[in-house]
Amino acid sequence: MNVIRRKRRLAPSVYEFLIENKHIVRYAQPGQFVVIRLHEKAERIPITIAGKEGDCFRAVVRAVGKSTYELCLAEEGSSILDVAGPLGRPSEIDLYGNVMLVGGGVGIATLLPIAEALKAKGNRLYVVLGGRSKEYVIMLEEFSKIADELIVTTDDGSFGIKGVVTDGMQLLFEREKIDIVWAVGPTIMMKFCSMKAKEHGVKIWVSLNPIMVDGTGMCGACRVSVDGKIRFACVDGPEFEGDRVDWDELFKRLAQYRKEEEESLKLFIQKVGDLSWL
Ligand SMILES: Cc1cc2nc3c(=O)[nH]c(=O)nc-3n(C[C@H](O)[C@H](O)[C@H](O)COP(=O)(O)OP(=O)(O)OC[C@H]3O[C@@H](n4cnc5c(N)ncnc54)[C@H](O)[C@@H]3O)c2cc1C
Ligand code: FES
């Protein structure tokens, strides 16, 4: 169980894994995630189920701290100790009409199963993918196959439109009648996407990524304020309507262990050596 059957580098510090687990493959729906613990001493981290292939589910991981660095170093053929899931509420897949999908960073991988399910329902997909530069925009091939229109934005203009995803959103809003939006990516990106969708009076779903521990609703580490009410992202989410989220509170909560995280990564790099090649 949980054997890494394939590992592939998609972008600097971003790796795709195919992890064998029949239970996850059987029950997972778009929008759901797993909680992974690599070995006995590892912490539990949430990772989205980014698709299925045979008996394996796909996970796309960006190395940002100790646990994700360690996971990105795991080799093909090795096993992950625990994979709990599928967790969270699935995305609300329905026939809406014109759907705008906005992805950034590893959020692009999270968006793919949602996009596939929405397409299968008969929706028209307007996709905006963004990254710092061309090499960071992952899964272009997959999205060009299913998108009715695909806009790519890069901060440095190395591919597509020079700008950020909200520029791509604006172009589409001016031209098309959009019925609903999904945005998945860095927290700051999702905040600005929510403001843009609100400006145009369109409902937006975002997939929040607060710190999680159990992932099953038992601790409240993942709590977020939505519409002034406390919600647990692992059981009530991770998808919420973006214009109702208290973003500033989420930013504060995401930063609460920064000192410990930096210390733990420093110690890890001291142990394993330079990781800038990852
Ligand atoms: C439901 C859910 C699904 C997720 N899916 C994916 C995924 O598919 N692929 C992926 O690469 N990551 C995903 N994440 C984020 C991932 O869980 C974190 O990057 C990871 O827990 C960080 O652990 P670490 O020890 O490597 O880094 P840490 O040392 O804990 O953190 C390093 C830096 O990353 C930031 N960080 C910490 N936790 C998160 C977080 N949850 N989200 C964003 N930034 C964070 C910190 O603020 C810090 O600056 C998901 C998170 C959630 C809640
Ligand atoms: S992670 Fe513990 S309640 Fe959500």
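Remember, predicted model here, so these are calculated numbers, not experimental data. We use all heavy atoms of the structure for the numbers below, so side chains are in, but hydrogens, waters and symmetry mates are not. All ligand and atom numbering here is 1-based and tracks the order in the structure. Sequential numbering from 1 along the given sequence is applied to the chain's residues.
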> Nearest to atom 48 (C) of ligand 1 by heavy atom, Glu261, Glu260, Glu43: which?
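Shortest heavy-atom distance from atom 48 (C) of ligand 1: Glu261.
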> In Å, rounded to the nearest 0.5 Å, how long is the span from CG of Leu111 to CZ of Phe143?
4.5 Å
> List the closest protein heavy-atom neighbour of atom 3 (S) of ligand 2: residue, atom name, distance to the nearest 0.1 Å.
Gly220 N, 3.0 Å
> Going from CD1 on Ile188 to CZ on Phe251, what distance comes out if it is rounded to the nearest 0.5 angstrom?
4.0 Å
> Short question: side chain of Lys203, backbone of Asp179 - any donor-acceptor pair under 3.5 Å?
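Side chain of Lys203 to backbone of Asp179, a donor-acceptor pair under 3.5 Å: no, none is there.
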> So that I can tick it off, tell me whether Lys252 and Glu249 are bridged by a salt bridge, with the cut-off set at under 4.0 angstrom between side-chain N and carboxylate O.
no
> Please confirm whether the backbone N or O of Leu118 pairs with a side-chain atom of Asn123, one donor and one acceptor, at under 3.5 Å?
yes
> Could you tell me which atoms of ligand 1, counted from 1 in the order shown, lie closer than 4.0 angstrom to a heavy atom of Val106?
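Result: 9 (N), 10 (C), 11 (O).
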> Starting from atom 22 (C) of ligand 1, find the nearest protein heavy-atom neighbour and note its residue, name and distance.
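Closest protein heavy atom to atom 22 (C) of ligand 1: Val64 CG2, 3.9 Å.
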> Contact between Glu135 and Pro12 at the side-chain level, heavy atoms closer than 4.5 Å - yes or no?
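Counting from C-beta outward, Glu135 and Pro12 do come under 4.5 Å.
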> Decide side chain to side chain donor-acceptor pair (under 3.5 Å) for Asn2 and Asn21; before the verdict, give the C-alpha distance in whole Å, the side-chain angles of both, and the deciding distance to 0.1 Å.
CA-CA 5 Å; Asn2 305 331; Asn21 186 308; 2.8 Å; yes
> Could you tell me whether ligand 1 has any atom less than 4.0 Å away from a heavy atom of Ala255?
no
> Would you give the angle at atom 4 (Fe) of ligand 2 between Cys222 atom SG and Cys234 atom SG, to the nearest 10°?
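Taking atom 4 (Fe) of ligand 2 as the apex, I get 100° for this pair.
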> Check whether any N or O atom of Pro46, backbone or side chain, sits under 3.5 Å from an N or O atom of ligand 1, and answer yes or no.
yes
> Considering Gly215, Ala221, Gly217 one by one, which has a heavy atom nearer to atom 1 (S) of ligand 2 than any of the others?
Gly215
> Examine distances only and state if a side-chain atom of Glu239 and a backbone atom of Val206 form a donor-acceptor pair shorter than 3.5 Å.
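Not confirmed, Glu239 side chain does not pair with Val206 backbone.
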> Do any N/O atoms on Tyr69 end up under 3.5 angstrom from N/O atoms on ligand 1?
no
> Specify the protein heavy atom at minimum distance from atom 21 (O) of ligand 1: its residue, its atom name, and the distance to 0.1 Å.
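The closest heavy atom on the protein side is Ile45 CG2, 3.4 Å.
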> Could you find the nearest protein heavy atom to atom 3 (C) of ligand 1 and give me its residue, atom name and distance?
Thr48 OG1, 3.4 Å
> Heavy-atom distances under 4.0 Å decide this one: backbone, side chain, both or neither, for Arg223 against ligand 2?
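The answer is neither.
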> If you scan the protein for heavy atoms around atom 41 (N) of ligand 1, do you find one that is closer than 4.0 Å?
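Given the 4.0 Å limit, the answer for atom 41 (N) of ligand 1 is yes, a protein heavy atom qualifies.
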> Within the 4.0 Å heavy-atom shell around Arg258, which atoms of ligand 1 are there?
47 (O), 49 (O)
> Check this for me: does any side-chain nitrogen of one of Arg8 and Glu16 sit under 4.0 Å from a carboxylate oxygen of the other?
yes
> Donor-acceptor check, side chain of Asn98 to backbone of Lys177, threshold 3.5 angstrom: yes or no?
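Side chain of Asn98 to backbone of Lys177: a pair is present.
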> In the protein, which heavy atom is nearest to atom 12 (N) of ligand 1, and how far is it?
Ile47 CD1, 3.8 Å
> Determine, counting only non-hydrogen atoms of the protein, whether one lies under 4.0 angstrom from atom 35 (C) of ligand 1.
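Under 4.0 Å from atom 35 (C) of ligand 1, zero protein heavy atoms found.
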> Specify whether the nearest protein heavy atom to atom 44 (N) of ligand 1 is under 4.0 angstrom away.
no
> Can you measure from CZ (Arg62) to CG (Leu10) and round to the nearest 0.5 angstrom?
13.0 Å
> To check your reading of the model: name the closest protein heavy atom to atom 20 (C) of ligand 1, its residue, and the distance in Å.
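Nearest neighbour among protein heavy atoms for atom 20 (C) of ligand 1, to 0.1 Å: Thr68 CG2, 3.9 Å.
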> Judging by distance only, is a nitrogen or oxygen of Arg62 under 3.5 angstrom from one on ligand 1?
yes
> Provide the number and element of each atom of ligand 1 under 4.0 Å from a heavy atom of Met212.
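The atoms of ligand 1 under 4.0 Å from a heavy atom of Met212 are 1 (C), 53 (C).
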> Is the closest heavy-atom distance from Val60 to ligand 1 below 4.0 Å?
yes
> Among all the protein's non-hydrogen atoms, which is closest to atom 2 (Fe) of ligand 2, and how far away is it?
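Result for atom 2 (Fe) of ligand 2: Asp214 OD1, 2.0 Å.
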> Given 3.5 Å as the limit, does a donor-acceptor pair link the side chain of Thr154 with the main chain of Ser158, or not?
yes
> Does the Lys NZ or Arg CZ of Lys52 fall within the cation-pi geometry relative to Phe57 - under 6.0 Å from the ring centre and within 45° of the axis?
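The answer is no; the distance or angle limit is not met.
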> Indicate yes or no: does an N/O atom of Gly65 lie under 3.5 Å from an N/O atom of ligand 1?
yes
> Run the salt-bridge test on Lys66 and Glu43 with the 4.0 Å N-O cut-off and return the result as yes or no.
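Not counted as a salt bridge, because no side-chain N and carboxylate O are separated by less than 4.0 Å.
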